[in-house]
2 protein chains.
Amino acid sequence: MTAEVGLRERKKAATRAALAGAANRLAVELGVEHVTVEAIAAAADVSPRTFHNYFSSREEAIVASIIDWAERLTDDIEARPADEPIWDSLLAVFMESVEDGAAAHARMMAQIEMVLAHPSVIANQLAALDTMRRRFAEAIAVRTGTDTARDLYPHLIAGAAGLAFKTAVDIWASGPPERSLHELVADGFAQIRAGLPQPGR
Amino acid sequence: MTAEVGLRERKKAATRAALAGAANRLAVELGVEHVTVEAIAAAADVSPRTFHNYFSSREEAIVASIIDWAERLTDDIEARPADEPIWDSLLAVFMESVEDGAAAHARMMAQIEMVLAHPSVIANQLAALDTMRRRFAEAIAVRTGTDTARDLYPHLIAGAAGLAFKTAVDIWASGPPERSLHELVADGFAQIRAGLPQPGR
DNA sequence: CGAAAAATTGCAGATACCGCAAAAGTTCTG
DNA sequence: CAGAACTTTTGCGGTATCTGCAATTTTTCG
């Protein structure tokens, strides 16, 4: 599926990944405000000018790995049996993408704190998530025989799944861990699936 | 409710509004890339340095009016009868906020095109919309007796309403206008309320 | 009025960002 | 494999962003 890549393309992808990785790592380690383009470029062994051939801002590079994650999730969705209800596919894929274990959790928390501490990074993260949503919508449209240009449906499904996931992560990260992330995600999906009925009362 | 404001606060608000208004207007008229902080400051009759006391970036100022809109919508929600089902309140408020008429539509389209033409503005718009979502969630939590720190519910409702609205606007703006914006918004809300069942087949 | 508090401004400096053209590297073709 | 064609990397130069600091002006309050 992803064959036919020459040396040139592979090198470009490697450079991009090196820059994105360095940017993210430095942002978490040193704090966003202490990361310069020069430092990122040096860590990836290219010139500062080359950095700007790949990313148009520091923040874009810092959150670029989200796009990779989106790509993987999209592939996972496409790999699911074609006759599985789309909503089941989405839940399964998101649940699988949550890593267990204290180390993984600590890494996630560090990421979240780094992002939340900087409005400009938040904005770029949301933009990356929006790109992810658009890819999801495409995959879902193919699966469900809908049209992204005409139908609300694929966008709503993709957006709602992302919303449930992000909300679960936000609550998980902000409060004391009353519930596991898996539980929260499952709960969010279930509520949306049920049409978000007004609770209690 | 918003009484007790001295001259100082009113002036600050006026300056902020003047800057945001100038930034947005210039971005639409001249194109984002031709708007400098200096020009915005001049149009609002303050120094460039003062601009940065209010906004930390050009893009933030350009999309700042979204926050005002969010504030008005939030007030509208709070003004609705307390016993109305929350979902009805949201639909009503959003529907009312869509202006009719060719001039209003043209203005909306100009805004949308300006934003879409610049990734950095998209990112900041999404951040502003996210702030709006958070305020909605607060208002909804009060209404429904839920807790934004513990419950997914208010966030999901606020997010889902925003998602339905934004998706409707995106589809309305991108294709030929097969359906009115009102129709699309109503359709989006209805689908989410129904739990996004897989269509047709 | 006069003192305290807050906002505006200019200045200086670090950094981001982008266009351009030269240099270096990769791919294609005979 | 030679060398043409194409792509990427890089340095340079210039404009604009953004921030801290200290002086100045404006507003508030006793």
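The basis for the numbers below is simple: all heavy atoms, side chains too, and nothing from hydrogens, waters or symmetry mates. So that the names make sense, note that chain A is the first sequence line, chain B the second, and so on, each numbered from 1.
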| Is the closest side-chain heavy-atom distance between A:H155 and B:D170 below 4.5 Å? |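 No, side chains not in contact.
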| Beyond-backbone contact of A:Q125 with A:I66, side-chain heavy atoms, under 4.5 angstrom |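 A:Q125 vs A:I66: side chains touch.
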Atom-pair distance ([atom1] on [X]; [atom2] on [N]), nearest Å:
| X | N | atom1 | atom2 | value |
| --- | --- | --- | --- | --- |
| B:H52 | C:dA7 | NE2 | C1' | 17 Å |
| B:R58 | C:dC17 | CZ | P | 11 Å |
| A:F55 | C:dC18 | CZ | P | 14 Å |
| A:H118 | C:dA16 | NE2 | C1' | 16 Å |
| B:N53 | C:dT9 | CG | P | 9 Å |
| A:E9 | C:dT27 | CD | P | 9 Å |

| query | What are the residues of residues 34-51 of chain A, sorted by number, that bring a heavy atom to within less than 4.0 Å of DNA chain D? | reply |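 The answer is A:V46, A:S47, A:R49, A:T50.
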Using a strict threshold of under 4.0 Å (side-chain N to carboxylate O), is an ion pair present between [Y] and [X]?
| X | Y | value |
| --- | --- | --- |
| A:R72 | A:E78 | no |
| B:E29 | B:R25 | yes |
| B:R80 | B:D88 | no |

| If you look at every strand shown and take non-hydrogen atoms under 4.0 Å, does A:Y54 touch a base, only sugar-phosphate, or nothing? |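 Sugar-phosphate contact only.
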| query | Between the side chains of B:R58 and B:T36, does any donor sit under 3.5 Å from an acceptor? | reply |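 No - no donor-acceptor pair under 3.5 Å links their side chains.
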| message | Can you confirm whether the side chains of A:H118 and A:E33 place a donor and an acceptor under 3.5 Å from each other? | response |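 Distance-only check passes for A:H118 and A:E33.
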| Is the shortest side-chain N/O distance from A:K11 to OP1 or OP2 of C:dG25 below 4.0 Å? |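 No, A:K11 has no side-chain N/O under 4.0 Å of OP1/OP2 on C:dG25.
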| field | Contact boundaries on DNA chain D for chain B, cut-off under 4.0 Å to non-hydrogen atoms | value |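 Using the under 4.0 Å cut-off, the span is D:dT17 to D:dT28.
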| query | Parallel, tilted or perpendicular: which fits the ring planes of B:W69 and B:F165, with parallel below 30° and perpendicular above 60°? | reply |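 Tilted: the ring planes of B:W69 and B:F165 meet at 30° to 60°.
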| What is the ring orientation for A:W87 with A:F189, classed by angle as parallel under 30°, tilted 30 to 60°, or perpendicular over 60°? |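 Judged by the thresholds at 30° and 60°, the geometry between A:W87 and A:F189 is tilted.
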